[in-house]
Every structure is written in C-alpha cells, then in structure tokens.
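Comments concern the structure below.
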Amino acid sequence: MDFGASDAAMSDEEIAKVPSGVVMIPATAGEIVFAYNLPGFPGIKLAREVMAGIYLGTVTKWNDPAIVKANPDLKLPNLAIQVAYRSDGSGTTYVFTQHLSAISAKFDDEVGTDKSVTFPVGVGGKGNEGVTALIKQSVGTVGYVEYGYAKDNGLLMASLQNKSGNFVAPDIASARETLSNLELPTNLRIWPVDPEGASDYPIVSFTWLLLYKKYPNAEKLKALKEFVNWSLADGQSFSESLGYVPLPAPVVEKAKAALSTIE
Amino acid sequence: MPAPQRDIISQSGYRAGPDLFKILCQGAALVTVLLLGWIIYEIVESAWPSIQKFGLDFITTSAWVPNRERFGVLPFIMGTLASSLLAILFAFPLGVSIAIFLSENFLSPSIRQTMRFVVEMLAAIPSVVYGLWGIFIIIPIVKAFGDWAVASLGGFPLFSGPAYGNSLLTASVVLAIMILPTITAISRNALAAVPKTLREGTYALGATRWEAIFSVILPTAAPGIVAATILGLGRAMGETMAVAMLIGNSSRLSWSVLSPSGTLAGLLANQFGEAQGLQVNSLMYAALILIAITLFVNLIGEAVLRHTQKATAGIR
C-alpha cells in the first residue's frame, strides 16, 4: 500500500502506529448538505436547533413551528419528516455528527461524533447512493449526503444557519468561503467544526491524501510526487464539475510545502 | 480354496501401494472440517476482547453505539429471525405449490420443463440486483400497503405506524423470492422421487388426484420438503446485500413489520469497512452468533428430517 485518502484525517494515536511516519495533504474539499424531498418547496431554511432536532427526533413535522419561523413565506405541509442516515461507517457521518455535536449539547450528549453512530430516529441507507435513494423514494424524507450526490440527482437542498446566524445555501462558493477563512496548522489537519464567517457554509471538510513520510523506492516517490503536484495544480480545475470544492490558494501552498518534506 | 478378491489384485501387481483415491478423499474431507474449525477459531480469537467485556449481555441488550463503546445485538438477532421466518412464511406455500404443479402431469412436459427452468433461474440473479429491484418495485408497493395497513389495522402492533418503505416486510418479501428456487427445486425433486407404484396404487384404490397428492404423495415427500425449507431458512439468514439495501438498517426494536429493522449479516456488511478497536471485536462476536444460529437451525432441520423419515418409512 503506497497511499490512501480519507475524509476523517488520522488521529495522533493512529499516526503514532505508523513506523515510517505520516504526511496528510488536503487534496480537495467537500460539503455535506441536508437534502430533502418536498416538491414545490426549494431552499427551505433550517435553523441550528432544527438541524439537531430533526436527527434527535424532536422535530417531526415539516410544519413544526421552529421550521415555519425561519420560512415565513412558505406554506409548509403537515407532513411527517422521515429521516435518512448512513448505515455504513463513513467520513460523511463523521463530519456531519461533528457539526451537530458542536451546535447542540443535547446531540453531543445523546448521539455524539463518529464514523458510525446510532440515531434515535430514521432509516439507514448504505453509501451516499443509498441515502440518495431513500430521499428520492418518499416525499417528506430528509438526509445528509455529499453535495455532488444531491446535485447530480436533482435533490432539493436546505440553506443552513451558520454560527453568525445567517442562512447559507450550499454551493461551491459558500464552501470555498468557509475554507479560505481557515488557519491551517502545521500537520494540515483541521475541521471547520462550526465556522464563524458571516457567509460561511457550516458543514465543510477537506479530504486528505494520507502519505508516508519516507518512501524507500525513489522511482515510486518521484511518480507519487508528480501525481500529487498535478492534483494540487491542474487537478483542482476538475473539482467543481464533480461537486467538490477547489482548494483556496493558501491551502495549496501549504499542501505543496508539506509534500516537499516527503523523501 | 479361492483367495479373497483383494489378494488376487495385489498379487497380480496392480494395487501394490496404498489406496491413493481413498487417501485423497479422506484428505479432502479432513481439510473441510479443519477449515471450518480454523474459521471459527479465528473469529473467536478476534471476538475475544468483546466476549470478555460484554459476555452474555451482548445478546440480551439492544444498544449498538460504536462511539460510546456500547454493543448489544438483540435487535439484530430479532431482525435476522423475524425476516427469515417471515420469508419462509411467504415462500413455503408458494414454493411447495409450484413444486406440486411441476411434478404432476397437469401440463405437457415441455411446458413444465420451461417453467422449472425459469424458477431455477431466480437463483442465478445476483443479490445486489434483487436489492435494486426491491428498491424500485417492492418498496413503493410495501409503502402503499403500509399506509393502508396503518390506517385500517394500526391498532394491531404488527402494523403500527408510521409505515416505512425500507422495512422488515420489504426485506422479507424480497428474501421470499430469493429462497423460492431453493424450496421449489428440492421439493420438486422429492415429489418426483415418490415411487410410481405408490401413485398407481393410490389411484387403483379409487383416490382422486387431490386425495393422492395430499394423503400420499406429499407425506411421502415430506422429508425432502422439510430439508428444502431448512435450506431456504439458512439462505435467508445469511443473505446480506439485498437485505442491507432494503431493511432500513435500524437498531431499534419494534413489533411492527412496517418499521425499519436490521440483521446480523447486514450489520457486518455495513460497519466492518470503517470499524476499529472494540467495534471490530464486537462485529466478530456478532458473526459468531450468526454462525451459531445457522448451525442451530441446521441441527433442528436434521432432527426434523430424521423424525419425518422415520414416520414415513413404512410407506417407502
């Protein structure tokens, strides 16, 4: 195995177990959306307590007063909210539950953060495609998926309230805004758990390439470096059409610097 | 005085050495037994930390919370048993009826041959295709039925709402179709093996066709039909992909067949990929329980088979 990639970067504990050391390099970034099936009601706004409430089973109807309050112009139906989640272990679940735990103490207490957790409500689908299928199947369903899956399948996506109280629609620009406000640490491992900027989209995460610090085979090292360099430069231009977020220039700089430490 | 046969062969020089074929067969049989032992040993070894920590509570508690290191598989055991028993409930009458139809001379042999081929073709469809088909065809039907059932039979705990598309019922219906070829094919073979003389004797005594089928042919073929059902049950319990796609993968216990549920096999398929630490040990423990359940079912099947064979021995 020469390299890997994950949404959930390795912990210090995991890194300590790798004898030849680990370098984590952000390769691209993605955003996670609340996608839903409620034809005729695009761009529903979800307040912070509503996002957590849906996945705690306390907000159960689309015309719940807390949802209506943020969407005074919409005549929301008296329809049950069906909740969909990932049944397999997943970085998407990790990033999603990390954000909900950050904005709701009750969620942190009852569910918590992990690659697979147990929600008190809902139906589990396997993979982004499984959750997407669940959402498409029945009216009234809401689920969390990667932006690209929601976009490709024409799912409606909710605008989410961020820390400064604004409702932000999920798109590449708002996710890029979140990333450009980040100050990367030296190991390049950072999650915008609850971003503070006024127009930041709240649930965004890097995807990291996980590389060894030392490669004994010089030829392999050369090929790997060429590949990663290409990904950080030309490769970024493909991100947007695939539903991912091109890395901001300062992040690319730091990523390239980290790459040069590999030998 | 003539020497025994074997001595003649060895004297003539053909079989001087040990019986290679016998050794080969014994070896193959031994490898199979060792392989099973090895698999179980490996699973027990990786499950050990979880077995030590949770013991029997693992089976009797219902919280599966990986991030809090709390593991209990009761809902998944119940889901495994409920989904496969429901599947048998649907598939048994259907499968045996088809088997009777295919083994009696209701239609010309060529048509029966074609139908038999079609039913057996069901076994050749990959699991994931059943899953996809279930998502697009069965889920909407079950959802519509569920909404109706909740409205009119909602007081009955088996049909309490809300009705989900991804539910125990959906998984059971698709499982029933998946195990139908197993039940049909083996039952048909058992029915076809009923001696011709027995059939002719029955008719000669003045029995109608239905009397012959129900009082002579079916009881005679009963051991085979029981074996078919047990095999079907075993397949339903181990089935993974289609169930994981359809059952809703929930760890909440519910009486309602319209609620999402989960099975042991589905749990393993879902969570093994990204599991770490005690979660891996607990998934191995769950695998061990699944093996134990299937083994137990097979033992019961064996016992029932022997019992029915004894009971019908007189008419063979």
Side-chain angles (χ1 to χ4, degrees), chain A residues 4 6-8 10-11 13-14 17 37 57 60-61 79-98 100-101 107-127 129-141 143, chain B residues 62-72 75 128 131-132 134-140 142-144 146-147 150 161-167 170 240-252 258-263 266-277 279-280 283:
Chain A
S6 175
D7 286 356
M10 293 169 77
S11 64
E13 210 175 44
E14 288 167 334
K17 286 184 195 160
N37 181 347
T60 57
K61 296 263 185 183
L79 182 70
I81 298 177
Q82 297 202 21
V83 177
Y85 56 82
R86 287 282 291 269
S87 59
D88 51 334
S90 138
T92 308
T93 301
Y94 186 91
V95 174
F96 180 75
T97 53
Q98 191 181 40
L100 290 192
S101 294
F107 187 89
D108 191 26
D109 184 45
E110 290 182 15
V111 181
T113 306
D114 205 348
K115 284 188 272 195
S116 59
V117 298
T118 302
F119 294 106
V121 284
V123 187
K126 198 168 179 324
E129 63 282 9
V131 175
T132 304
L134 284 174
I135 297 169
K136 283 177 122 174
Q137 268 162 33
S138 53
V139 175
T141 307
Chain B
S62 58
W64 181 271
V65 193
N67 53 331
R68 302 278 150 86
E69 302 222 318
R70 281 164 51 208
F71 298 99
V128 64
L132 286 172
I135 286 176
F136 293 112
I137 311 291
I138 299 296
I139 282 182
V142 168
K143 179 85 169 69
D147 288 337
V150 169
Y164 284 86
N166 289 65
S167 62
T170 307
T240 307
M241 194 59 199
V243 174
M245 290 167 83
L246 297 170
I247 203 165
N249 303 306
S250 152
S251 60
R252 295 185 302 278
L258 305 169
S259 293
S261 180
T263 65
L267 174 75
L268 291 169
N270 272 313
Q271 300 205 343
F272 204 79
E274 294 270 346
Q276 47 198 354
Q279 192 183 355
V280 175
L283 287 170

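Below, chains carry the letters A, B, ... as their sequence lines are ordered, and counting in each starts from 1. Everything numeric here is computed off the predicted structure, so don't read it as measured data.
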As an exercise: rank A:Gly122, A:Ser90, A:Ala80 by heavy-atom pairs under 4.5 Å with chain B and give me the winner.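 Greatest number of close heavy-atom pairs with chain B: A:Gly122.
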Contact part of [X] toward chain B, heavy-atom cut-off under 4.5 Å: side chain, backbone, both or neither?
{"X": "A:Thr141", "result": "neither"}
{"X": "A:Ser138", "result": "side chain"}
{"X": "A:Phe119", "result": "backbone"}

In sequence, state the C-alpha distance, the side-chain angles, and the governing distance for A:Gln137 and B:Lys143, and then conclude on side chain to side chain contact (heavy atoms under 4.5 Å, CB included). CA-CA 10 Å; A:Gln137 268 162 33; B:Lys143 179 85 169 69; over 6 Å; no
Could you tell me which portion of B:Ile135 (side chain, backbone, both or neither) has an atom closer than 4.5 angstrom to a non-hydrogen atom of chain A?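 Both backbone and side chain.
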Please look at B:Pro66 and chain A and tell me whether the side chain, the backbone, both or neither of the residue comes under 4.5 angstrom of a heavy atom of that chain. both
Can you tell me how far the CZ atom of A:Arg86 sits from the CD atom of B:Gln271, to the nearest 0.5 Å?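 So the gap between those two atoms works out to 12.0 Å.
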Looking at CD of B:Gln276 and CG of A:Asp114, how far apart are the two atoms once the value is rounded to the nearest 0.5 Å?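 Interatomic distance, B:Gln276 CD to A:Asp114 CG, rounded to 0.5 Å: 7.0 Å.
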Taking side-chain hydrogen bond (donor to acceptor under 3.5 Å, both in side chains) as the definition, give me every residue that meets it alongside B:Asn270, ordered by chain and number, with sequence neighbours left out. A:Ser87, B:Asn249
Does atom CZ of B:Arg252 have more than 12 heavy-atom neighbours, drawn from other residues, nucleotides or ligands, at distances under 6.0 Å? yes
Do B:Asn166 side-chain atoms and A:Gly124 backbone N/O form a donor-acceptor pair below 3.5 Å? no
Shortest non-hydrogen pair, B:Asn67 vs A:Val111, comes out as ND2-O, 2.7 Å
Heavy-atom pair with the smallest gap, counting every atom of A:Ser116 and B:Gln279: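 Smallest interatomic distance, heavy atoms only, reads OG-NE2, 3.3 Å.
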Can you list, pair by pair, the side-chain donor-acceptor contacts under 3.5 Å of residues 129-136 of chain A, counting residues two or more places apart and other chains?
unit_1: A:Thr132; atom_1: OG1; unit_2: A:Asn128; atom_2: O; d: 2.7
unit_1: A:Lys136; atom_1: NZ; unit_2: A:Asn153; atom_2: OD1; d: 3.2

